[in-house]
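See structure below.
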Number of protein chains: 2
Amino acid sequence: MKATIYDVAREAGVSIATVSKVINSKGKISEERRREIFAIMERLQYQPSVIASALTGKHTYTLGLLIPDIANPFFGEVARAVEDRGHQLGYSVIICSTDNKDERIEQYLSVLKQKRVDGIMIGTGMGNADTLRELRGAMPVVAIGRELPAVPVHAVVADDRQGGRSAAEHLLLLGHRRMAVLSEGMAVSSSRDRLHGFRQKLEEEGVPLPERHVRPCKHRIEHAKREAAVMLEGSDRPTAIFCCNDLLAVGALQAAKEAGIKVPGELSVVSFDNTVLASVTDPPLTSVAQPMERIGAAAVDLLLEQFGQGAAPARRRVTLRTELVVRASTALAPHNE
Amino acid sequence: MKATIYDVAREAGVSIATVSKVINSKGKISEERRREIFAIMERLQYQPSVIASALTGKHTYTLGLLIPDIANPFFGEVARAVEDRGHQLGYSVIICSTDNKDERIEQYLSVLKQKRVDGIMIGTGMGNADTLRELRGAMPVVAIGRELPAVPVHAVVADDRQGGRSAAEHLLLLGHRRMAVLSEGMAVSSSRDRLHGFRQKLEEEGVPLPERHVRPCKHRIEHAKREAAVMLEGSDRPTAIFCCNDLLAVGALQAAKEAGIKVPGELSVVSFDNTVLASVTDPPLTSVAQPMERIGAAAVDLLLEQFGQGAAPARRRVTLRTELVVRASTALAPHNE
DNA sequence: CTGAAAGCGCTTACAG
DNA sequence: CTGAAAGCGCTTACAG
């Protein structure tokens with residue numbers, strides 16, 4: 001049978017209270033006793049039960065992470081960052097891939113509550129504002145990667161607007177004037193902000209961005225490819241496309257290839273996220289990098305900060321800068337106008 | 001304060017034992033009472049504490065998943081499959097990215113024990129056989145994706161040998177005779193088996209595979225690129241390369257491009273895993289697909305099967321077939337010999 | 001069909 | 001510096 005605190009106490013000839021204290025470095029215990037007790041724990045292969053200690057009102061040292069899909073490289077990298085920071089601080093993370101489905105979200109939330117996790121990070125859409133409001137009343141929550149509409153919660157996000165701007169700046173500097181955008185659904189705040197920043201910069205420079213050149217896409221390569229193909233038809237086609245994530249950019253690349261349009265010679269493509277995909281395509285993608293490591297770490301920190309405090313302190317936002325990583329998918333605009 | 005089983009019992013005018021029974025569908029409770037109690041639980045927003053119930057000797061309904069890196073697309077897909085199957089059956093999964101480092105492995109294992117997870121899936125290397133032996137004595141374990149040396153544990157793996165064979169068959173059919181292999185370290189059983197199957201098939205057909213054309217690589221694109229570049233020097237260079245995973249194949253593709261060697265015209269590349277990367281490169285990769293979904297699901301099933309049984313039942317292995325997915329990175333061998 | 005009581009393995013005041 | 005006792009929120013025989 002597994003050793004318990006009673007076994008350790010008996011061996012050491014002390015009370016379980018004393019053992020508990022040495023485990024948690026609390027109270028004053030003579031150095032000698034503490035050594036002895038550690039030795040006994042070692043010998044008995046004693047592993048204190050987090051379950052039992054959690055029941056006594058302490059933390060479970062477990063966090064929940066809601067994301068659309070852990071198999072998506074972007075979320076995989078974010079999850080890794082969350083995991084690492086959590087691990088450093090003594091927390092484990094339970095992954096919850098929601099596919100952005102309300103049903104799965106509710107199920108996972110219920111499970112996480114029953115397991116009494118110490119807090120939840122939400123990187124997925126949340127259709128139901130009531131659910132979120134209720135959740136926020138029950139435990140610390142932080143939005144990660146995107147804002148959650150309707151309910152004010154802490155959030156850590158990339159500076160999507162500035163990221164969009166820097167994509168625009170890059171293309172403008174290369175002389176592009178006819179541009180297009182492949183965006184995600186407008187329900188996603190991060191995607192809206194990227195587009196907003198991009199468009200704003202173009203407006204400042206007096207470069208038009210016709211509505212028909214802004215196409216929202218589902219989060220799938222084939223879909224992006226189809227949308228891009230449509231954009232690339234006709235003679236007044238754009239010389240540059242800004243894609244709101246790497247997957248969309250892959251679709252754009254494939255569409256261009258099928259249409260016999262050379263990237264970057266005849267078409268520049270700027271992407272967003274800078275996941276591993278960006279370095280794997282041919283040509284490799286110029287991409288606005290999100291600081292995924294820092295996003296993950298900040299989310300954990302923001303979550304843990306809330307432990308001390310009572311219910312719902314002032315809302316906090318952490319915005320992290322993006323950085324344009326230039327690769328081979330962008331070049332000077334063709335001057336055959 | 002959070003509602004407890006006592007609150008529900010009080011409201012319903014019954015004992016906590018009765019409430020417990022309706023929660024767990026145990027014993028005989030009149031239909032009327034059961035409805036009433038459910039209604040009260042609903043009204044009180046009662047969420048039974050998994051913590052408390054776990055302490056009573058039941059399961060924690062939490063599983064541990066050890067993998068090298070959740071940010072690696074292959075493991076991300078496996079993790080997703082594990083998560084889904086676990087979720088279906090009422091289990092959560094804690095991710096543990098080990099980077100194959102013994103220190104991290106030990107830390108995570110210790111945490112998982114303290115949290116009393118119901119079982120552990122190991123998809124990472126395990127240098128220390130003693131650790132594993134000890135672990136296996138303490139709780140259900142299954143190896144996932146590769147064998148664990150030295151200690152017999154249940155395992156679910158792809159049929160790597162057959163996968164290697166089918167890669168070879170494909171290339172032979174296309175007329176290739178001068179082949180090379182980019183493999184992972186030989187410590188990894190799956191990589192060994194892939195190479196073994198590949199080589200065996202070649203031998204059967206009397207096609208040589210010179211030792212200098214078999215190069216072990218680290219799990220990084222740049223490293224693979226460098227190794228491939230060396231292989232592609234000289235005039236007797238291979239007309240086909242078999243890469244033991246998608247990342248290595250990306251490296252090979254990049255090396256070929258830099259050397260001005262056309263894929264698939266002058267060089268065919270076959271990959272293994274068939275992660276999202278395989279469909280993103282240019283040309284997209286012909287790849288031996290691992291059935292990641294089924295691997296993940298089988299691992300969970302194999303783990304849960306052990307719950308009923310006493311310590312260490314007979315060792316079981318589940319081997320799942322691979323499938324060659326042909327894309328555009330392979331073609332007929334050039335006949336300019 | 002229902003309930004009283006013991007017990008799971010800890011932590012936390014409180015007393016000494 | 002150390003220990004006795006209550007309590008965390010459940011489940012499980014056992015008795016009725």
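When reading the values below, keep in mind they use all heavy atoms of this one structure, side chains included, and skip hydrogens, waters and symmetry mates. To find a chain, count down the sequence lines: A is the first, B the second, and so on, and within it residues start at 1.
Separating the CD1 atom of B/I37 from the C1' atom of C/dC1 is a distance of 12 Å, rounded to the nearest angstrom. As rounded to whole Å, 14 Å separates atom C1' of C/dC8 from atom NZ of A/K2. With rounding to whole Å, A/D7 atom CG is found 9 Å from C/dG9 atom P. Between the CD atom of A/E36 and the C1' atom of D/dT2 there is a distance of 14 Å, rounded to whole Å.
Contact annotation: A/S15 side-chain N/O to D/dA4 OP1/OP2 distance is not under 4.0 Å. Look at A/T18 and you won't find any side-chain N or O under 4.0 angstrom from OP1 or OP2 of D/dT2. OP1 or OP2 of C/dT2 lies within a sub-4.0 Å distance of a side-chain N or O belonging to B/R33.
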side-chain contact (heavy atoms from CB on, under 4.5 Å) evaluation trace for A/D118 with A/L63:
CA-CA 6 Å; A/D118 294 330; A/L63 271 19; 4.0 Å; yes

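Taking a pair as Watson-Crick or G-U wobble with both distances under 3.5 Å, DNA chain C forms stems of 3 or more consecutive pairs at C:1-3 with D:14-16, C:5-12 with D:5-12, C:14-16 with D:1-3.
For the 3.5 Å distance criterion, the side chains of B/S15 and B/T18 qualify, holding a donor opposite an acceptor. Side-chain contact annotation: B/E106 with B/T131, donor-acceptor N/O pair under 3.5 Å present. Side-chain contact annotation: B/S92 with A/K115, donor-acceptor N/O pair under 3.5 Å present.
Salt bridge annotation for B/D84-A/R104: present, with a cationic side-chain nitrogen under 4.0 angstrom from a carboxylate oxygen. A salt bridge links B/D99 and A/R80; the closest N-O separation between the charged side-chain nitrogens and carboxylate oxygens is under 4.0 Å.
In terms of modelled atom types and a separation under 3.5 Å, the side chain of B/R136 and the main chain of B/P152 share a donor-acceptor contact.
Considering only heavy atoms from C-beta on, B/M139 stays 4.5 Å or farther from B/Q306 through its side chain.
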Base versus backbone protein contacts along nucleotides 10-16 of chain C [heavy-atom cut-off under 4.0 Å; B, S, -]:
BBB----

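A/R10 pairs by the side-chain hydrogen bond (donor to acceptor under 3.5 Å, both in side chains) definition with A/D7, not counting sequence neighbours.
Among the atoms of the strands shown, none is found under 4.0 Å from any heavy atom of A/V50.
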